[in-house]
Amino acid sequence: NRESLGFFIFVQHYIIMKNISNIKEDAQYTLKEFLEYDIISFGKHHISVYEIIGAVLALVIGFIVSLILKRLIYKSKKIDEGKKYAISQIFHYIIVFITISFALRSLGVNVSPLLLGSGAILVGIGLGLQNLFLDFISGIIILLDRSIKVGDIVEFDGNVGKVMEIRMRTTTVLTRDDKSLIFPNSFLTKEKLVNYSHYNSVVGFSVTVGVHYDTDLDKAFQLLKEAALENEFVLNNHPIIARLENFGESSLDLKLIFSSDNLMRSTQILADIRKSILEKFRNAGIVIPYPVRTLDFPKEFFTKQNKDIS
């Protein structure tokens, strides 16, 4: 009985293992068939499931590499924000190009003729999409020469704003009233603009005011400096200068010079300091004179007028 039972168990074990082996072979064959199945067919070209999976994996890996590289660049404390953005964008474009090349190879597309014929392609793009191609090249130039960086305060066409983003084709600038202005990159390379943050973020400002000729200038200079020092956005570690700028027709023209690194609020800073100066001058009895004009009439004019009245 024991021998019969052992033989029975052996046979059952053999049958089970054989079935498992057949299932594995069938699964492998089924998976192979699935991966080699042609989803798209046109002419002599066929695109199978595994080719599409390979292309998708190439895109996913490229995206992950670009994201990791960007995070590593932004973790560096030795590079300023503008350089970090420029470096990360340049590497992003390179990774995108390489990733697309691998994805096309996975789909069975031979990219060698495309690379060899890139000159002709560029000519075609230049003729058909001149403006678009020019914006793209301008974006690369801006990132490389760093004449404009993310975070810079710029002025153009009377608009002052902060550069928020430099993309492949356009640049976004946020104005003082929180409006997003989107410009083609070619505009920034061709048109004249002022970059207040090119070397540093500190910019000098001035306020001019006229006072009566009888004014105590030392007292006026003191009040001007106090008005600047009391403003929270004025840099106290930079020189604050008050001086006699000119002898005006009806006033002594004084100028207050100060520095600030909050360029987005410069209009409000100037307005607040002007208001403070006015209040301090009024409290101190310093007069801001109105323009005075003296008119001289010849005596003959009054004689003639009196005769006409008579």
> Step by step, would you call Ile240 with Leu229 a side-chain contact (heavy atoms from CB on, under 4.5 Å)?
Replying inline: CA-CA 8 Å; Ile240 297 176; Leu229 289 170; 3.2 Å; yes
- [ ] Step by step, work out the side-chain contact (heavy atoms from CB on, under 4.5 Å) result for Arg167 and Arg169.
- [x] CA-CA 6 Å; Arg167 300 180 65 85; Arg169 193 183 69 83; over 6 Å; no
message: Run the side-chain contact (heavy atoms from CB on, under 4.5 Å) test on Leu224 and Ile277 for me, step by step, so that the C-alpha distance in whole Å, both residues' side-chain angles and the decisive distance to 0.1 Å come before the verdict.
response: CA-CA 6 Å; Leu224 288 174; Ile277 291 172; 3.5 Å; yes
From CA spacing to verdict: side-chain contact (heavy atoms from CB on, under 4.5 Å), Val96, His92:
CA-CA 6 Å; Val96 167; His92 174 71; 3.7 Å; yes
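Put simply, the side chain of Leu69 reaches to within 4.5 Å of the side chain of Ile95, judged on heavy atoms. A 4.5 Å side-chain heavy-atom check between Thr171 and Ile182 finds every atom pair outside the cut-off. Contact of the Val194 side chain with the Val154 side chain is not registered, since no non-hydrogen atoms from C-beta on lie closer than 4.5 Å. For the pair Phe205/Ser266, a side-chain contact is recorded, criterion being any heavy-atom separation below 4.5 Å from C-beta on. Considering only heavy atoms from C-beta on, Leu252 comes within 4.5 Å of Leu217 through its side chain. Contact annotation: the side chain of Glu230 approaches that of Ser276 to within less than 4.5 Å [non-hydrogen atoms, C-beta and beyond]. The shortest distance between side-chain heavy atoms of Leu254 and Leu244 falls below 4.5 Å. Taking 4.5 Å as the limit, some side-chain heavy atom of Thr267 sits within range of a side-chain heavy atom of Arg176.
Between Leu263 and Ser197, the closest heavy-atom pair is CD1-OG, 4.2 Å. Smallest separation of non-hydrogen atoms from Gly210 and Ile288: O-CG2, 3.2 Å. The nearest pair of heavy atoms linking Ala284 to Lys219 is CB-CE, 4.4 Å. Of all heavy-atom pairs between Thr172 and Ser180, the closest is CG2-CB, 4.2 Å.
Atom CG in Leu256 sits 9.0 Å away from atom OG1 in Thr208 (nearest 0.5 Å). Ile64 CD1 to Leu57 CG: the interatomic distance, rounded to the nearest 0.5 Å, is 9.5 Å. Phe281 contributes atom CZ, which lies 11.5 Å from atom CG of Asn283 (distance to the nearest 0.5 angstrom). The distance from the OG atom of Ser250 to the OH atom of Tyr290 is 12.0 Å, given to the nearest 0.5 Å. Within the model, atoms CD1 of Ile257 and NZ of Lys225 stand 11.0 Å from one another, a figure rounded to the nearest 0.5 Å. Interatomic distance, Asp216 CG to Ile286 CD1, rounded to the nearest 0.5 Å: 7.5 Å.
Hydrophobic clustering, with ILVMFWY side chains joined whenever heavy atoms are under 4.5 angstrom apart, groups Tyr196 together with Met264. A continuous path of ILVMFWY side-chain contacts below 4.5 Å connects Leu188 to Ile141, so both sit in one hydrophobic cluster. Two different hydrophobic clusters hold Leu235 and Phe258 under the rule that ILVMFWY side chains link at heavy-atom gaps under 4.5 Å. Grouping the Ile, Leu, Val, Met, Phe, Trp and Tyr side chains by contacts below 4.5 angstrom, directly or via other members, places Leu270 with Ile153. Residue Val150 is grouped with residue Phe183 when hydrophobic side chains (ILVMFWY) are merged at heavy-atom distances under 4.5 angstrom, including chains of intermediate members.
With hydrogens and angles disregarded, no donor-acceptor distance shorter than 3.5 Å links the side chain of Asn231 to the backbone of Ala228. Judged by distance alone, with hydrogens and angles left aside, the side-chain atoms of Thr215 form a donor-acceptor pair with the main-chain N or O of His212 at under 3.5 Å. No donor-acceptor distance shorter than 3.5 angstrom exists from the side chain of Asn246 to the backbone of Gly248, with no hydrogens or angles considered. Listed for the Asp253 side chain is no donor-acceptor partner under 3.5 Å among the backbone atoms of Val209. A donor-acceptor pair is defined here as one N or O able to donate and one able to accept, closer than 3.5 Å; such a pair exists between the side chain of Thr189 and the backbone of Ser186.
Contacts of Lys162 classified as salt bridge (Lys or Arg N to Asp or Glu O under 4.0 Å), with partners at least two apart in sequence or in another chain: none. For Arg265, there are no salt bridge (Lys or Arg N to Asp or Glu O under 4.0 Å) partners, not counting sequence neighbours.
Between the side chains of Asp135 and Asn185, no donor N or O sits under 3.5 Å from an acceptor N or O. Of the N and O atoms on the side chains of Asn262 and Ser260, not one donor lies less than 3.5 Å from an acceptor on the other residue.
For residues 224-250, no pair satisfies ring-ring contact (aromatic ring centres under 6.0 Å, His included), with sequence neighbours left out.
Salt bridge Arg274/Glu279: absent, no basic N to carboxylate O contact under 4.0 Å. A salt bridge does not link Asp272 with Lys275: none of the charged nitrogens is closer than 4.0 Å to a carboxylate oxygen.
Around atom CZ of Phe187, more than 12 heavy atoms belonging to other residues, nucleotides or ligands sit under 6.0 Å away. More than 12 heavy atoms of other residues, nucleotides or ligands sit less than 6.0 Å from atom OH of Tyr213.
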